[in-house]
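Data block below; observations after.
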Amino acid sequence: MKKAFYLETFGCQMNVVDSERIVALLEQIGYSQVDAADKADLLLLNTCSIRDKAERKVYGHLGRFKPLKDQRPELIIGVGGCVAQQEGERMLDTVPYLDLVFGTHNVHRLPELVTQAEKHRSRGCATEFLGREERLGNFPQRSQLDSVTRFVTVMQGCDNFCSYCIVPYVRGREISRPSSEILAEIEALVAQGVREVTLLGQNVNSYGLKEDEISFAQLLKKMNDVEGLERIRFMTSHPKDMTDELIDCFGNLDKLCKQIHLPLQSGSDRVLKLMNRGYTAADYLQKVERLKAVCPEIRLSTDIIVGFPGETEADFLDTLEMVKTVKYADAFTFLFSSRTGTAASKLKDDQSSVQKQERFERLCALQNQNSEAVWQADQGKVLPVLVEGESKQGDGQIFGRTTWNRIVNFEGDKDLIGKTVSVKIAKVFRNSNLGELV
């Protein structure tokens, strides 16, 4: 009888890509995916440790699995991803009913760990960091899926060591894939029917800098020549590594979507220095102005941290001023979360939780105004939309995205999936639009 597995994924797009690989690996050893934990023989969590809350959430989920393990001792429970990488053997000590732990460099070992748990009922842990060549040989490759849009990982790890960030400690140092391998994967995806590719990396702007490789801008230019590919996106960009050559791509490459995620984190030079971000507010703003000059239609999203240790009211007002100036289409705002092992965890923090929350709410109120103004301006416009699939709204609706990555739901036939169509924006909601096929 075929065995079943249940998988939950937390965190960033890198984890989504890793989960795609997990699915493919488990299918190779006779497992099929199910949508409920109580139907599975194997339960897996692919985890994120970027914030303390995310880590606690993982342990909470494991607690929910315990009754299932009590009822069926043969059930296998495993944890992968960044929390697994950070905690390692400690997770097995903390959760006695956990069977296996695999880190960010060891997804490829999952079949071995699962087979070991099946046959020997022994617990396994694989969280060692791999050497450069072995890592390059184990980059996640895309399995064949019926999808219009796909992620492609171009690099892994990070060398920046921002003082608040755990990523370099759980993902390792930065390495880039050969451009020939990336382009071959993209061409194969396009042959399968993929029309939009999003390139992924902790800092795609530094692609190839450590290797004898083409620049990230040159990689985008080669992608732009791939026949059948309609759209290109990428994330995430570090402002300090955004070159003029890359900025010019938004004015020169017709397939590059007119949208970029450019994390600010703070508008205060003093806080940016404490964060070890490597740029000033003026540096950041200069790059934004150049982006808007070469591509007037471009829209930006960003990340902002409120309540970084030592942040003053003046520092916070600098951040608000930057948000007013740039007018982001979207912003992902976070209250500072101290991560053990990072430089920021050692900084003195004399702000009260009430003060942090008050600033957070002020920032969100301002950003909500900006977002509403940006998206409401689209009402009545006719925009090209790449159709991705059937809408969750039902009622015969399909959905796609604009060049700005905005979801549009509208009535249409399923045979439009994979095509770019003209849609009039009839109504704008907080997180999506309602459209009419033109």
Side-chain angles (χ1 to χ4, degrees), residues 196 198-199 201 203-207 215-221 223-224 230-269 272 277-305 317-333 363-386 401-408 425 428 433:
E196 175 183 299
T198 301
L199 302 182
N203 175 22
V204 292
N205 293 0
S206 61
Y207 170 81
S215 69
F216 186 62
Q218 290 165 339
L219 178 63
L220 293 178
K221 291 171 186 174
M223 279 184 68
N224 200 68
E230 292 187 23
R231 286 183 173 181
I232 302 168
R233 302 186 192 273
F234 60 83
M235 64 187 317
T236 293
S237 286
H238 196 301
K240 74 177 179 61
D241 295 316
M242 174 155 276
T243 63
D244 286 347
E245 182 190 26
L246 178 55
I247 290 173
D248 287 339
C249 288
F250 285 95
N252 300 331
L253 304 184
D254 60 305
K255 296 179 181 179
L256 183 59
C257 290
K258 296 174 173 56
Q259 176 257 341
I260 185 171
H261 186 73
L262 194 64
L264 170 66
Q265 305 303 2
S266 174
S268 160
D269 287 348
L272 287 170
R277 289 293 285 170
Y279 56 85
T280 65
D283 295 334
Y284 182 96
L285 195 55
Q286 183 181 42
K287 298 188 185 212
V288 169
E289 289 170 348
R290 277 216 74 230
L291 282 164
K292 291 182 176 181
V294 302
C295 182
E297 292 179 281
I298 199 167
R299 294 183 183 177
L300 287 84
S301 59
T302 196
D303 296 333
I304 298 174
I305 296 172
L317 290 176
D318 285 342
T319 298
L320 289 186
E321 189 60 35
M322 184 70 84
V323 172
K324 289 176 185 175
T325 301
V326 177
K327 293 182 171 54
Y328 298 102
D330 281 307
F332 300 90
T333 53
L363 173 63
C364 289
L366 173 60
Q367 180 53 45
N368 287 342
Q369 291 176 9
N370 285 350
S371 294
E372 185 174 4
V374 171
W375 301 122
Q376 285 292 341
D378 290 338
Q379 187 156 326
K381 290 182 179 177
V382 175
L383 302 173
V385 171
L386 176 60
R401 295 174 196 264
T402 66
T403 187
W404 302 305
N405 212 23
R406 180 78 165 172
I407 291 176
V408 183
I425 306 303
V428 175
N433 293 341

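Not measured: the values here are computed from a predicted model.
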Does the salt bridge (charged side-chain N to carboxylate O under 4.0 Å, His left out) test come out yes or no for Glu297 and Lys292, once each step is laid out?
CA-CA 7 Å; Glu297 292 179 281; Lys292 291 182 176 181; over 6 Å; no
Start with the C-alpha gap between Thr280 and Asp283, add the side-chain angles, then the distance that decides, and say whether side-chain hydrogen bond (donor to acceptor under 3.5 Å, both in side chains) holds.
CA-CA 5 Å; Thr280 65; Asp283 295 334; 3.1 Å; yes
From CA spacing to verdict: side-chain hydrogen bond (donor to acceptor under 3.5 Å, both in side chains), Ser215, Glu245:
CA-CA 9 Å; Ser215 69; Glu245 182 190 26; 3.1 Å; yes
For His261 and Asp330: C-alpha separation, side-chain torsions, deciding distance, then whether side-chain hydrogen bond (donor to acceptor under 3.5 Å, both in side chains) applies.
CA-CA 9 Å; His261 186 73; Asp330 281 307; over 6 Å; no
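In this structure, Phe250 and Phe234 have tilted ring planes: the angle between them lies in the 30° to 60° band.
Going from atom CD of Gln218 over to atom CE of Met223 covers 14.5 Å, rounded to the nearest 0.5 Å. In this structure, the separation between OH on Tyr284 and NZ on Lys240 is 15.0 Å, given to the nearest 0.5 Å.
The environment of Glu372 atom CD is sparse: at most 12 non-hydrogen atoms of other residues, nucleotides or ligands sit within 6.0 angstrom. Around CD of Gln286, the count of heavy atoms belonging to other residues, nucleotides or ligands within 6.0 Å does not exceed 12.
Ion pairing between Arg290 and Asp248 holds under the 4.0 Å rule for side-chain N and carboxylate O. Salt bridge absent: Arg277 and Asp269 never bring a charged side-chain N and a carboxylate O closer than 4.0 Å. Looking at Glu196 and Arg233, a side-chain N of the basic residue comes within less than 4.0 Å of a carboxylate O on the acidic one, giving a salt bridge.
For the pair Asp378/Trp404, a side-chain contact is recorded, criterion being any heavy-atom separation below 4.5 Å from C-beta on.
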